[in-house]
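Below you'll find the structure, written out as structure tokens, and then a few comments.
Quick caveat, the model's predicted, so the values are computed rather than measured.
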Amino acid sequence: MARLPILRYPDPRLHSVARPVAGVDERVRRLVDDMLETMYASDGVGLAATQVDVHERVIVMDTSEQHDRPLVLINPEILKRSEEMAVNEEGCLSVPLIYDRVERPARVTVRALGRDGQPFELEAEGLTAVCVQHEMDHLMGKVFVEYLSLLKRDRIRTKMLKKTRDELRGK
């Protein structure tokens with residue numbers, strides 16, 4: 001397994017729409033394993049392939065308290081969204097140290113393929129529902145900051161660009 005570099009907002013590659021995975025083979029399973037290693041090493045609860053510059057419909061997540069229950073969603077699709085909405089604070093490995101409140105459906109039902117290539121359905125609520133929707137947004141080329149006001153987005157963009165410049169200068 002390998003730790004993959006995570007794209008940082010406002011990298012334009014984060015706005016790429018992911019294509020479906022044609023088949024779950026050894027290459028896809030290796031990608032899943034590398035993404036899980038990357039997510040755990042970065043203290044994340046979810047990671048979409050788009051964030052590691054692979055533009056295929058693959059998500060890894062682990063919202064368990066012990067971080068010992070990985071979930072793999074290949075070619076996920078949301079089947080149902082609750083009418084009830086919930087506001088939660090979100091963060092993102094592509095937008096480090098930035099958190100803000102986002103409103104989303106409180107519950108979702110999703111269908112996907114697992115790491116083994118077998119289809120399954122998942123009814124999610126709470127953090128898992130937030131994570132599924134957040135990561136599926138990545139597959140559609142959307143970053144959570146796009147739910148925020150234009151002013152907040154501009155501030156975050158400026159902050160992230162400055163952070164990248166500072167890191168390149170060795171500060």
Side-chain angles (χ1 to χ4, degrees), residues 1-9 14 16-82 84-96 98-147:
M1 293 196 307
R3 194 164 168 207
L4 305 170
I6 298 173
L7 299 177
R8 186 179 289 166
Y9 180 81
L14 288 168
S16 299
V17 175
R19 64 188 174 280
V21 172
V24 179
D25 56 15
E26 192 53 41
R27 179 192 65 81
V28 173
R29 285 188 288 277
R30 189 169 39 256
L31 171 64
V32 163
D33 294 343
D34 291 347
M35 287 174 61
L36 283 166
E37 180 175 331
T38 302
M39 179 191 73
Y40 286 126
S42 303
D43 292 325
V45 295
L47 186 66
T50 302
Q51 293 175 269
V52 294
D53 204 19
V54 176
H55 303 284
E56 294 182 87
R57 295 184 59 76
V58 177
I59 292 170
V60 298
M61 309 172 29
D62 188 342
T63 57
S64 68
E65 287 205 18
Q66 302 301 319
H67 302 292
D68 61 354
R69 295 181 42 214
L71 180 62
V72 175
L73 303 170
I74 299 170
N75 294 337
E77 59 179 308
I78 292 180
L79 303 175
K80 286 193 285 187
R81 292 175 172 85
S82 67
E84 178 189 353
M85 302 296 281
V87 176
N88 293 282
E89 188 166 88
E90 294 188 27
C92 181
L93 294 176
S94 291
V95 194
I98 303 292
Y99 301 90
D100 214 314
R101 298 167 62 78
V102 176
E103 183 178 45
R104 298 184 185 272
R107 289 176 304 286
V108 294
T109 302
V110 63
R111 178 175 40 218
L113 302 176
R115 185 183 183 282
D116 59 3
Q118 295 302 305
F120 70 96
E121 286 187 16
L122 170 73
E123 291 184 19
E125 61 184 4
L127 179 58
T128 303
V130 171
C131 194
V132 165
Q133 294 172 85
H134 176 110
E135 301 309 332
M136 287 188 68
D137 277 351
H138 278 298
L139 299 181
M140 297 307 298
K142 188 171 185 175
V143 181
F144 91 98
V145 298
E146 293 172 48
Y147 287 97

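Atom NE2 in H134 sits 6.5 Å away from atom CZ in F144 (nearest 0.5 Å). R111 contributes atom CZ, which lies 10.0 Å from atom CG of L113 (distance to the nearest 0.5 angstrom). How far CE of M39 is from CG of L4: 12.5 Å, rounded to the nearest 0.5 Å. Atom CG of D137 and atom CG of L14 lie 12.5 Å apart (nearest 0.5 Å). Atom NZ of K142 sits about 3.5 Å away from atom OH of Y147, to the nearest 0.5 Å. Considering CZ of R104 and OG of S82, their distance stands at 12.5 Å, rounded to 0.5 Å.
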Yes or no on side-chain contact (heavy atoms from CB on, under 4.5 Å) for M140 and R57, after CA distance, side-chain angles and deciding distance? CA-CA 9 Å; M140 297 307 298; R57 295 184 59 76; 3.8 Å; yes
Show, in sequence, the C-alpha distance, side-chain angles and deciding distance for Q133 and E90, and conclude whether the side-chain contact (heavy atoms from CB on, under 4.5 Å) test is met. CA-CA 11 Å; Q133 294 172 85; E90 294 188 27; over 6 Å; no
Before giving the answer on side-chain contact (heavy atoms from CB on, under 4.5 Å), spell out for V60 and Y40 the whole-Å C-alpha distance, their side-chain angles and the decisive distance to 0.1 Å. CA-CA 10 Å; V60 298; Y40 286 126; over 6 Å; no
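Partner L122 forms a side-chain contact (heavy atoms from CB on, under 4.5 Å) with one of T109, V108, V110 and no other, that one being V110.
Here R107 does not pair with E123 in a salt bridge; the nearest charged N to carboxylate O distance is not below 4.0 Å.
Shown here is E26, whose CD atom has more than 12 heavy atoms of other residues, nucleotides or ligands within 6.0 Å. Other residues, nucleotides and ligands contribute over 12 non-hydrogen atoms within 6.0 Å of the CD atom of E146.
The side-chain heavy atoms of V143 and S94, taken from C-beta on, include no pair separated by under 4.5 Å.
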